[in-house]
Amino acid sequence: MVDASRALLALLAAGRSERFGAEDKLAADFLGAPLARHAVTALEAVPFLARVAIVSATAVDFPGYARIENPAPEAGLSGSVRLAARAAREQGAAALVIALADMPRVTSAQIYRLLDAARCADAVIASSDGHRPSPPALFAAGRFAELEALEGDAGARALIQGGQHVVTSPAELIDIDTPEDLERLRALV
């Protein structure tokens with residue numbers, strides 16, 4: 001188990017959102033607030049060591065998060081993961097929890113399940129809907145060097161697929177990639 005106060009939370013918000021169109025996906029309205037604000041709010045009660053938002057072009061504010069600019073989001077998701085892992089290492093974190101800013105239904109309960117499942121210094125614990133693993137995911141400090149060496153758009157997908165999976169409700173793992181995804185989510189609530 002990793003205590004939340006020894007883990008760094010990285011909220012990834014530097015994607016190019018090409019499938020969403022010209023609008024800033026993370027600033028799109030969902031229930032009267034920017035889409036990205038829902039993940040921020042859902043996780044604000046978890047007492048993390050530190051919080052960082054890996055950003056590029058979004059104008060969304062991330063209260064309580066240090067902003068880390070991803071200078072090359074076109075190089076793929078791995079760039080954001082590398083920046084997050086470096087921040088975790090520099091903070092002396094025992095683990096890195098990665099969540100996505102475009103997952104507005106994420107819960108602190110799922111984050112605590114990931115933290116509880118981490119039993120060793122090289123643990124990789126991912127969320128799952130029962131069929132496929134996804135973020136949010138936890139990487140223990142023994143994996144930081146691997147994360148800092150990642151390249152391309154796959155991010156930490158191989159590590160996540162080979163890690164332990166903690167099943168949660170598929171509703172918590174809804175990821176908004178297109179305007180249609182956002183409309184489907186709005187219809188659910």
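Everything numeric here is computed off the predicted structure, so don't read it as measured data.
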Looking only at non-hydrogen atoms, find the nearest pair between [X] and [Y] and report the distance.
X	Y	answer
L185	P104	CD2-CG, 3.4 Å
A93	L8	CB-N, 4.0 Å
L173	S128	CD1-C, 3.5 Å
R51	L43	NH1-O, 3.0 Å
A39	L11	CB-CD1, 4.1 Å
F139	F144	O-CE2, 3.4 Å

Spacing of [X] atom [atom1] and [Y] atom [atom2] [to the nearest 0.5 Å]:
X	Y	atom1	atom2	value
R157	L77	CZ	CG	7.5 Å
I176	L100	CD1	CG	11.5 Å
Q110	M103	CD	CE	9.0 Å
S134	H165	OG	NE2	9.5 Å
N70	L12	CG	CG	9.5 Å
F30	E183	CZ	CD	10.5 Å

Taking a hydrophobic cluster as the set of Ile, Leu, Val, Met, Phe, Trp and Tyr residues connected by side-chain heavy atoms closer than 4.5 Å, whether directly or through intermediates, do [X] and [Y] fall within one such cluster?
X	Y	value
L83	L49	no
I174	V167	no
V166	L9	yes

Show your reasoning for whether side chain to side chain contact (heavy atoms under 4.5 Å, CB included) applies to H38 and V106. CA-CA 8 Å; H38 293 274; V106 67; over 6 Å; no
Between [X] and [Y], is any pair of side-chain heavy atoms under 4.5 Å apart?
X	Y	answer
D129	T168	no
L35	L182	yes
V81	E148	no
V97	I111	yes
L26	D102	yes

Between D181 and R184, is there a side-chain N and carboxylate O pair less than 4.0 Å apart? yes
With no hydrogens and no angle check, is any side-chain donor or acceptor of [X] less than 3.5 Å from a backbone partner on [Y]?
X	Y	result
R82	L150	yes
R143	D122	yes
R37	D61	yes
S127	P136	yes

Before giving the answer on side chain to side chain contact (heavy atoms under 4.5 Å, CB included), spell out for L96 and L147 the whole-Å C-alpha distance, their side-chain angles and the decisive distance to 0.1 Å. CA-CA 10 Å; L96 166 64; L147 294 175; 3.9 Å; yes
CZ/R132: more than 12 non-hydrogen atoms of other groups inside 6.0 Å: no
So for atom CZ, which belongs to R89, do other residues, nucleotides or ligands contribute more than 12 heavy atoms lying within a distance under 6.0 Å? yes
Using a distance-only test with no angle check, is there a side-chain donor-acceptor pair under 3.5 angstrom linking T107 and E172? yes
